[in-house]
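Structure, as structure tokens:
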Amino acid sequence: MTRASPIQASLNGGELSPRLHGRVDQRIYATGVEELIGYLPVLQGPAIAAPGTRFVDLAKGPCRLIPFEYNVTQSYVIEASALTFRFYTNDVRIETAPDVAYEVATPWSEAELAELAYEQSADVLYLCHADHPPQKLSRTGASTFALAALDLDEGPFEDQNVDETVTMTPSGVSGAITITASSALFEAGDVGGLIRIETQDLNVAAWEPGLEVTVGEYRTWNGRVYQMSGGTDRTGTVAPTHASGTEWDGSGSGTDINDKGPYGVQWTYVHDRWGIVRITAFTDSTHVTATVLRRLPWLTGGTATWRWSFGAFSPRRGWPHYVTIWNERLTFAKNATVYASVVGDYENFAETNSIGEQTADQAIRVSVPNPNIIRWLAADRELLIGTARAEHVLKAQSTAQALGPKNVRIDTQSTYGSAIARPILTDGRLLFVQKARRKIEQIDYSVERDRNEATDLTRFAEHIGKNRIMEMAFAQEPDRHLWAVDAAGSLLACIYEPADQALGWARRPLGDGLLAKSICRCTDPAGELDQIWIYATYGTAHFILRMDPIWQSGNDQADAFFVDAGLSYSGSPIATVGNLDHLVGAEVDVLVDGASHPRRVVSAEGTVTLDAPARKVHVGLPYAGRIKTLRYEAGGEDGTSQGKIKRINRVTLRVAETLGIKIQVQGGDDVILENRLDLVPMDQAPPLFSGDFVFEAIGDYDRDAQVVIERVAPLPSTILSIMPTITVGER
């Protein structure tokens, strides 16, 4: 027999995969546990009891949560349900009257919400879904919003037709016109879409200097048509290049050395080589009516041309299904193609500028090198692109020139494949859900390979995503945790500190009956801490919940909030707590003035009665808190202690501000941590305990020698280290 006293000084390795339970040789084994439920690993090493969730309001129905952060002190959470948006700010719902939610009508059904993409720019939120035109939600006041379809009049367009036998003939050059096609080109789904129409020949004489011209005469220069509207009777020496209005081609005064002149004509811009129309009605496969948005390139209608192209977005051709803002460009994804707007002009997708040049700041259109539909876009220095098959970057073909329509390429970086889930960009690293929804991958730049590489963040806890990861949110303050919702309705949490190589997972199931469905992050009203908001179902009810901040050292014990879907009361002493209608019939945990109170069942009237009046009360559903250690590697006389008969003789827990936990050693009896000192009056809460708590519990001999710690009251719990004393047998 040998005796050993190992110490587990850190628990931030989190819950380890069963595949690692024999890997005592791995560094993370020393900081990991077999189960970490209802506790959160933190950078410094402890496991801290996960905070509770506050009931905010009832949702209208099944929904998804979308953050809208105008600035750090004006954050909103959008409750996106079928055909409706509701809004929350300053921890409460925006209402037009008591109990009447402020709503904005939307076009998206309940089934479409999961694939609704969004991107914010200042007080505008751009939204898109493949089955609807893109929309923009504008913040019009502190508590008002307006939703409108995004009006894209300058494109984008598909490739130009190249079959010279297939033509379109517009009946006019402006206003409402009819377009006749030489073959069956049109369908009813074209209504609402654009057509770009270019002339084959302007059929106008060219401008030249020193020509004699008359008022009303047309001339062309550099692909534009101008009409003389005044000046002298001879052209000047400066060719007209303007794209609107009227300008001179000379001074219009003075004479030359031969006493000739003056020269100079006023030219009014009329049109150039191409125009744009929006289809307003479908007649048949060869006829549609349209409204001219940009004047067509003829002096009169009725001229056929084969140089035409349909708009890329329409009911027939589909709408963009993802959106981001990258390099000052509003950027859409439709199928396998990326469309990026003109720099600084988010709603302009023109591929040439006002003088017909394709400069670097014009719109970009480029496709990924495989036919898989793009599932997400993320804006970093380069545009990151995820499909079901691979991850790509969009960047400049040549670094010597500015990125633009003539200097762009897409490179494949990795081949993990992505699920349809919004990724998270933090500290220059991108986190995305892998296509099977069992893993979360991190994309980071590798200097050695000169490419972005993906790393599996669940590699030490591959089991954590067995129920499929659906949605993520990242909270940076007060501790850096990546949160996720799985399809079983539980929350998952990971301490994410890549600079310190801290990566540990925990599970955070909600209280009995609560199933998490959606999650998002916003900033608290003070603009200091990150808040996690949750949409959860409870039977047939739909709850909007807000997670409390992680417990911080020095907080008032009476403010401890460790219940789910809970409410708080603070004021004059009361013996009956009400407003619990959302939890009628549920057994709830109760904390009164910092002390654990016996559980109660919420009455039909939505109340619970206390044993004695209290000034500060928290009531809500209890939720699990459990830590189970791995098999300790204590060493033996002839090598490892793994697989040998062992007995734990004593356990010392080092804790900080902890109460309401119990410990079980090797399947023995539970022992509860008590801290009622003789000096503490019986009508006051026992204080939280910090220090070493020694459990003189002798376990039964087994080959595992594991310790289980559980929360048994809605109180703070911070486990700093676990120090067992173990006797190890010879076999």
Side-chain angles (χ1 to χ4, degrees), residues 153-155 157 160 167-180 194-278 280 289-309 342 345 348 350-359 362:
D153 292 339
E154 298 285 340
F157 293 95
Q160 182 176 281
T167 64
M168 290 188 184
T169 305
S171 64
V173 296
S174 62
I177 64 171
T178 298
I179 299 177
T180 302
L194 303 176
I195 305 177
R196 173 178 162 138
I197 302 176
E198 183 178 342
T199 182
Q200 297 172 217
D201 190 346
L202 289 171
N203 292 320
V204 176
W207 175 94
E208 293 182 38
L211 287 179
E212 185 174 338
V213 291
T214 59
V215 172
E217 187 173 341
Y218 293 95
R219 292 284 170 168
T220 181
W221 183 258
N222 196 28
R224 290 188 173 86
V225 172
Y226 300 93
Q227 185 178 33
M228 181 190 177
S229 57
T232 70
D233 59 358
R234 286 189 181 273
T235 59
T237 59
V238 181
T241 60
H242 55 289
S244 62
T246 301
E247 293 187 12
W248 288 83
D249 65 3
S251 65
S253 63
T255 59
D256 60 18
I257 58 175
N258 298 315
D259 201 29
K260 301 290 185 180
Y263 301 107
V265 169
Q266 287 181 302
W267 293 104
T268 298
Y269 169 80
V270 180
H271 64 77
D272 51 31
R273 301 193 67 88
W274 55 275
I276 298 174
V277 303
R278 187 182 300 280
T280 55
T289 57
T291 297
V292 177
L293 305 178
R294 188 178 193 270
R295 190 189 191 281
L296 297 181
W298 295 280
L299 298 179
T300 59
T303 303
T305 178
W306 56 269
R307 295 177 178 174
W308 51 264
S309 54
V342 173
D345 192 354
N348 184 356
E351 296 180 3
T352 58
N353 61 19
S354 61
I355 59 174
E357 298 175 337
Q358 194 174 48
T359 54
Q362 293 305 119

Pairwise distance CG(Leu211) to CG(Asp233) - rounded to 0.5 angstrom: 11.5 Å
Any donor-acceptor pair under 3.5 Å from Thr291 side chain to Arg278 backbone: no
Polar side-chain atom of Ser171 near backbone of Ile177 as donor-acceptor pair, under 3.5 Å: no
Distance-minimising heavy-atom pair for Arg307 and Arg273: NH1-NH2, 3.7 Å
Over all atoms of both residues, closest heavy-atom pair of Thr235 and Gly210: OG1-N, 2.7 Å
N/O donor-acceptor pair under 3.5 Å between Asp249 side chain and Gly236 backbone: yes
Side-chain donor/acceptor of Arg295 to backbone N/O of Val173, under 3.5 Å: no
Minimal non-hydrogen separation, Val213 against Trp267, with atom names: CG1-CH2, 4.3 Å
Under 3.5 Å donor-acceptor, Gln160 side chain and Ser309 backbone: no
Arg219 NZ/CZ over Trp207 ring centroid, <6.0 Å and within 45° of normal: no
For Ile197, the option from Ile276, Thr303, Ile179 that meets side-chain contact (heavy atoms from CB on, under 4.5 Å): Ile179
Short side-chain to backbone donor-acceptor contact, Thr268 and Thr246, under 3.5 Å: no
Greater than 12 external heavy atoms within 6.0 Å of Trp306's CH2: yes
Short side-chain donor-acceptor distance under 3.5 Å, Thr280 and Thr289: yes
Rounded distance (nearest 0.5 Å) linking atom OH of Tyr263 with atom OG1 of Thr237: 10.5 Å
Closest non-hydrogen atom pair between Leu202 and Thr220, with its separation: CD1-OG1, 3.3 Å
Parallel, tilted or perpendicular: ring planes of His242 versus Tyr226, cut at 30 and 60 degrees: tilted
